[in-house]
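Chain naming here is simple, since letters A, B, ... match the order of the sequence lines and numbering starts at 1 in each.
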Protein chains: 4
Amino acid sequence: MVPIDYQTLLSETVATVRPLCGSGKVADYIPALAQVPSDRLGMALATCDGALYTAGDAEVPFSIQSISKMFTLMLAMEQVGDKLWERVGLEPSGNPFNSLVQLEWEHGIPRNPFINAGALVISDHLVTANQDPKAAICALVRDLSGNAAIDFDPVVAASEAEYGYTNYALANYLKAHDNLVNDVEDVLDVYFHQCALTMSCTDLARAGLVLASRGHLPGANAPRLAHAYAKRITALMMTCGLYDAVGNFAYHVGLPAKSGVGGGILAVLPGDYSVAVWSPALDPSGNSSAGGAALEYLTERTGCSIF
Amino acid sequence: MVPIDYQTLLSETVATVRPLCGSGKVADYIPALAQVPSDRLGMALATCDGALYTAGDAEVPFSIQSISKMFTLMLAMEQVGDKLWERVGLEPSGNPFNSLVQLEWEHGIPRNPFINAGALVISDHLVTANQDPKAAICALVRDLSGNAAIDFDPVVAASEAEYGYTNYALANYLKAHDNLVNDVEDVLDVYFHQCALTMSCTDLARAGLVLASRGHLPGANAPRLAHAYAKRITALMMTCGLYDAVGNFAYHVGLPAKSGVGGGILAVLPGDYSVAVWSPALDPSGNSSAGGAALEYLTERTGCSIF
Amino acid sequence: MVPIDYQTLLSETVATVRPLCGSGKVADYIPALAQVPSDRLGMALATCDGALYTAGDAEVPFSIQSISKMFTLMLAMEQVGDKLWERVGLEPSGNPFNSLVQLEWEHGIPRNPFINAGALVISDHLVTANQDPKAAICALVRDLSGNAAIDFDPVVAASEAEYGYTNYALANYLKAHDNLVNDVEDVLDVYFHQCALTMSCTDLARAGLVLASRGHLPGANAPRLAHAYAKRITALMMTCGLYDAVGNFAYHVGLPAKSGVGGGILAVLPGDYSVAVWSPALDPSGNSSAGGAALEYLTERTGCSIF
Amino acid sequence: MVPIDYQTLLSETVATVRPLCGSGKVADYIPALAQVPSDRLGMALATCDGALYTAGDAEVPFSIQSISKMFTLMLAMEQVGDKLWERVGLEPSGNPFNSLVQLEWEHGIPRNPFINAGALVISDHLVTANQDPKAAICALVRDLSGNAAIDFDPVVAASEAEYGYTNYALANYLKAHDNLVNDVEDVLDVYFHQCALTMSCTDLARAGLVLASRGHLPGANAPRLAHAYAKRITALMMTCGLYDAVGNFAYHVGLPAKSGVGGGILAVLPGDYSVAVWSPALDPSGNSSAGGAALEYLTERTGCSIF
């Protein structure tokens, strides 16, 4: 099989989907996000044999928002193990990411760690397990991406807290059901900060390589993450990573992925590559319009998806 | 990489999970299913290079039940194309397979083709598109599995109709929302028959090869199914194929699959193989207990899943 | 206290609300109802001391639809007694009258006898308890209203059956949950016929007097209905009689009542009178627009409601 | 008609239902309530001609909890008028009093002012309309009951705040839907205090007389409350005043009423009397077991209810 020329492919992809930039609506629930120009488009792809390819605004840092849920889950799995699943489920929710309905029906057990309620339970575990949970999260993403400059955006974090009434509602409801060990404020502080992590496509593609390489990073002597954990996080991305559009994304793209309302999507083709794309305008499901199109183009052109 | 000795692996798998046979409850909503001995266990694996491996009761025919939804979807995609998705969705439901709740909330549009309401819409399409829809379904599975003896079990079909009040409710509700073109009775007749298809693990493994081989069967000159359709059906199996346990199965097994309450599960590793397993006792989600364990063992031992 | 001149009041009420006739939408889910002229308006009031007052189209027979649920409940209470409440609840539903959602959540036990699912359970009781349940219903309303000519409209009954998919769905779902003893078709036949009873405002006002007089009809030697039953049916009308507008009607009118999508409303002021009003155009909740306004005018002008 | 000897009747009622004291479970979601002895039983009845009758622990103050929602609604109706209904509904909810489900479905508009979410919207109105909303509430109940010593129990109020996670969730969710004008903390402070009002049966019976007398207190020259408001609050008590047991209470008792988890119930027979009963052990719906039985006994013995 002829090796794929990823650099050409990325440039072509970015050129092809650029007209979609600005199609949709930039997240505006907090002022800090609403100001991001909607014509931004970046893409980076890191292969399991160690190469990196980029196109467009691949180096521009943006707010990763819910993509952080993948990193906090990874940290919690390593720190807590399978006990994690006593307080959060593994199934797609069939409801919006910030819904309180299912939480009530299922007596305070969130359906999965990628809806907000589930991510709050993960944050609660991190508050329990770490002296400084925010520092631990930062350390993980810096390490995985090899970029020590990654940090929280304090303006975004403050904005999340100021307008975070729905998350306050979710956290208090979890507490009412004894599914939050720590103080509501402490858990939310971690949560609002993780959402405010600022990373570029290049950072994300590199950080995702631990999953694409099934835990064993290229060139490393030892696994960075147990294969079983890498497999399981990837499985969760497949079934729960794209808000209400999980099935649509699997159908059209066919890669496990995690999206954020900042317009980023991180996807992996296990055994091959990790790819990050960013464009701020969102489709009605809250996923980057141009980003989704770019990933669909990529898998169609290569003829490679997990299916 | 050393090639996998599938025959040894299958024998080992069957031996390992046999103690789980009978763990759970054989489906008893119709008498015909309740009589199946719970100690049965069979497995068959067909590889994309044309080999077939079997173990246990691999040749014993059983009621494939909801696995048929995969075949009727395949037929409808070929006959109707993307118009299909105007009347049925692509997303996991987060509700039981026979639930009326989401159908009401979403005004008669079922969430996906693998819950009962969605499968009824697919059946309705087949009634419209085929002079004899039951014969068309039969012809497809006979052709894919290379077994001209496959047929409906008339006792099971009659039993499905006799006790099928929930499906009558779903069909009438779809009709009330103008999402059923044909007569309720005609659509249900097709549906009750497809559930009553009788196939063995070997039949199913062979029939699933069209998906594992991405549409192009081993040794064939031309594709049997468009690659895009194969990819999309496989994606739907991944996100919607295991009732309420989609996430759990993805997490522990990591293969796209479709299960039935007859105790069968058909799974594929695209590019590699199609595998069918059968054991009648079900876990609380309605999936074969021993069957799920067998597939988990298989992917753990080979270290190969789609993730 | 000066006695109320009901004749003048009724004429005044009809004149006042006549401009509202045709405001809203005549029920059109079956052709037979859609043809009723929307400018009809009638009113009849029967007092506990035996007088009858009428205005407008009080003598015109119309399809009483869900008002029949009050009569079938009365019959079933007399025939079955308190065992009735083992299979149907007493509480307002907070959901539309034909919803399947709550039925699913509450495992086939309808919230109250005035939503469709609950009325179907009542019909099932009547099928069990009567050789000819339709004749028994007819006999009751003829007796209570003193009009032996009251009958089912066969065109409406046939139309209800032809377009009754939602009711077929509800009946089958009840059957699936073992909350229907008799055949689905037999129960629905009774239900579709009771909805097709044709009565005038005068008929209804007279028939409602048994509730207004707390079971003991004016001039009779013995109670026609146990006081306890009259009280309880009236209580159910108060909390469940007006579809989704129970609270609104209690707030603005303040009388126990039962409405139907034919445009009729039957209300009672216990100890004083029974009043029926009819005008076919419905508000968004499915209650007669002019009818509701007429009853509000009546209670405001008399200063008398149950509150 | 022979006048009713209310004093004898009350004594008899208390004697009859005393065996039910302690049947059920004293509210224990906050420590302050859990300590109340379950064998307490009191009753007071105030007639529209100015008499007062008492039995048992009628003078013992207790935590009125949700009965306060009737008083805050009265205050808000007088201060805000019909604009109130733009932000809260009038219909029974069909869901538990502290449910978040319906709030989500109906985009932040609570179904009625007697579920917690609705009462929070009323509290928000009171924060807007009053310099010192807590003092205004206190002034109202002191004035209506003629007891200047009525006050908030600071221990109960603090306990409500400490364990009030579900109410924090509801308030934050209302805020997220722009249905709370003031700060979450300010609104909750009012709400937690109103729940902590301490009154006796005698206080409550006297305070309820304004509704029983349709706004015009016995012996007064002018109405204390507009008749229309009295009627409407009473109608809301009828359709929404008893948590999930509205229909059951209407069926068995037949009086408009408001209950609280402190074990109190305040009911009125418009035109006749206001009656308060207290016994701390609750039935599964959260209403006083002995209290409900006492009111059923009262209406059965007198043969008088609103129906």
- Message: Looking at chain D, which one of C/Gln102, C/Arg111, C/His227 has the largest number of heavy-atom pairs inside 4.5 Å, strictly under?
- Response: C/Arg111

Show me, pair by pair, the donor-acceptor contacts under 3.5 angstrom made by side chains of residues 298-307 of chain D, not counting sequence neighbours?
| from | atom 1 | to | atom 2 | distance (Å) |
| --- | --- | --- | --- | --- |
| D/Thr299 | OG1 | D/Val253 | O | 3.1 |
| D/Thr299 | OG1 | D/Leu295 | O | 3.3 |
| D/Thr299 | OG1 | D/Glu296 | O | 3.2 |
| D/Arg301 | NH1 | D/Glu12 | OE2 | 2.2 |
| D/Arg301 | NH1 | D/Tyr297 | OH | 2.9 |
| D/Thr302 | OG1 | D/Leu298 | O | 2.9 |
| D/Thr302 | OG1 | D/Thr299 | O | 3.4 |
| D/Thr302 | OG1 | D/Cys304 | N | 3.2 |
| D/Ser305 | OG | D/Phe307 | N | 3.0 |
| D/Ser305 | OG | D/Phe307 | O | 3.4 |

- Message: Just to be sure I understand the criterion: a residue of residues 230-249 of chain C counts if one of its heavy atoms is under 4.5 Å from a heavy atom of chain D. Which ones qualify?
- Response: C/Lys231, C/Arg232, C/Thr234, C/Ala235, C/Leu236, C/Met238, C/Thr239, C/Asp244, C/Ala245, C/Val246, C/Gly247, C/Asn248

- Item | Engaged part of D/His252 at the chain C interface, taking heavy atoms whose separation is under 4.5 Å | both

- Query: Which region of C/Pro256, side chain (C-beta onward) or backbone (N, CA, C, O), has a non-hydrogen atom less than 4.5 Å from a non-hydrogen atom of chain D, or is it both or neither?
  - Reply: side chain

